[in-house]
Each structure stands twice: as structure tokens, then as C-alpha cells.
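Keep in mind it's a predicted model, so treat the numbers as computed, not measured.
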Amino acid sequence: MPNYLLFALMLVPVGLGALTFLNSCNTMVQMSVPSQYRARVLALYLMVVQGGTPIGSPLVGWLAELFGTQIAVSIGAVLSLGASLLALFTWQKYKTNAVPLRSQFREMLGR
């Protein structure tokens, strides 16, 4: 953030967004997995969510040192967006009862 006041103001909405996202993901994982596999799936989920920090944090720090903080955060944002889109399209391809994305977008736009 360019100044301290803006940083302080953005802490609350960013924190609320992060908590909402993590709670939603946790709920979706627990509700969409059969009960006999829930513990195994949650272990994998937590390994991915929390286990990526020891790898990602030094990498982001190295990028910030090389290119600056804004570039490092931008690279992380682009990579996150790309991974999200890849996951979305992969899910749409292999989910047999999924409504095609084109239909969902048309419905959202009211066409």
C-alpha cells in the first residue's frame, strides 16, 4: 500500500475476505466428500493450503527482492488467477452433471 492509513483501512476487508474464503472452502470440502473419506480429504486439503507456505513465502520474498514488492504481488495474483481458471475449466470438463460455463454466463447476463 502506498501509505499507512490506506494499509490500516484495507486490513479489515482483506481479513474478512480471507476468512470467508477459507471457511467457504473448508465447508465445501467437508460437505462434498463422503463421510468415510472426509478425514483423508481434509488432511490433503490442509496440506495443500498450509503446506504451500514454506515453499511460496521464500519464493515471493526472492521475487520481491529482485523486482520489487508490487511486481512480486502482481506475479502471485496472475499465477493465482491462472490456476483458478485452469481448475474451473478442468472441473467443467470432467464434471458430468455440470452446467456449461457459457450457459451460466448467459444466465448471469440475462441473455
Side-chain angles (χ1 to χ4, degrees):
M1 285 294 183
N3 62 41
Y4 185 74
L5 180 62
L6 191 56
F7 173 76
L9 290 173
M10 291 305 295
L11 281 176
V12 173
V14 169
L16 286 173
L19 283 174
T20 302
F21 176 76
L22 288 172
N23 283 336
S24 298
C25 289
N26 193 4
T27 301
M28 187 211 51
V29 167
Q30 289 193 38
M31 298 301 288
S32 63
V33 174
S35 59
Q36 66 265 25
Y37 300 119
R38 191 167 295 146
R40 292 180 186 112
V41 172
L42 280 174
L44 288 172
Y45 167 73
L46 289 173
M47 186 177 68
V48 170
V49 169
Q50 295 177 347
T53 304
I55 297 168
S57 294
L59 180 62
V60 171
W62 176 69
L63 287 173
E65 189 175 321
L66 282 178
F67 303 114
T69 307
Q70 290 179 337
I71 299 293
V73 171
S74 298
I75 290 170
V78 168
L79 289 174
S80 295
L81 179 63
S84 298
L85 290 174
L86 179 66
L88 176 65
F89 290 124
T90 302
W91 177 74
Q92 281 284 314
K93 182 177 179 181
Y94 293 107
K95 183 84 171 168
T96 56
N97 61 350
V99 177
L101 285 176
R102 186 172 292 161
S103 301
Q104 291 178 17
F105 287 132
R106 284 184 183 153
E107 185 177 314
M108 283 188 332
L109 296 174
R111 294 182 181 178

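Annotation for Leu59: hydrophobic cluster partners, listed by chain and number, are Trp62, Leu63, Leu66, Phe67, Ile71, Ile75, Leu79 (ILVMFWY side-chain heavy atoms under 4.5 Å, direct or chained). Here Leu44 is tied into one hydrophobic group with Met47, each link being a pair of ILVMFWY side chains closer than 4.5 Å. In the hydrophobic clustering, where aliphatic and aromatic side chains (Ile, Leu, Val, Met, Phe, Trp, Tyr) are joined below 4.5 Å either directly or transitively, Leu9 groups with Leu5. Cluster partners of Met31: none. The rule joins Ile, Leu, Val, Met, Phe, Trp and Tyr whenever side-chain heavy atoms lie under 4.5 Å apart, and it links nothing here.
With sequence neighbours excluded, no residue forms a side-chain contact (heavy atoms from CB on, under 4.5 Å) with Ser84. With sequence neighbours excluded, the residues forming a side-chain contact (heavy atoms from CB on, under 4.5 Å) with Pro34 are Gln36, Tyr37, listed by chain and number. Under the rule for a side-chain contact (heavy atoms from CB on, under 4.5 Å), Ile55 has no partner lying at least two apart in sequence or in another chain.
Rounded to the nearest 0.5 angstrom, Leu46 CG and Leu42 CG are separated by 6.0 Å.
Sequence neighbours left out, not one pair with a member in residues 66-75 passes side chain to side chain donor-acceptor pair (under 3.5 Å).
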In residues 20-30, what donor-acceptor pairs under 3.5 Å come from side-chain atoms, sequence neighbours left out?
{"from": "Thr20", "atom 1": "OG1", "to": "Leu16", "atom 2": "O", "distance (Å)": "2.8"}
{"from": "Asn23", "atom 1": "ND2", "to": "Leu19", "atom 2": "O", "distance (Å)": "3.3"}
{"from": "Ser24", "atom 1": "OG", "to": "Thr20", "atom 2": "O", "distance (Å)": "2.8"}
{"from": "Asn26", "atom 1": "OD1", "to": "Gln30", "atom 2": "NE2", "distance (Å)": "3.0"}
{"from": "Thr27", "atom 1": "OG1", "to": "Asn23", "atom 2": "O", "distance (Å)": "2.8"}

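Hydrophobic clustering of Ile, Leu, Val, Met, Phe, Trp and Tyr side chains at less than 4.5 Å, counting indirect connections, keeps Val73 apart from Met10.
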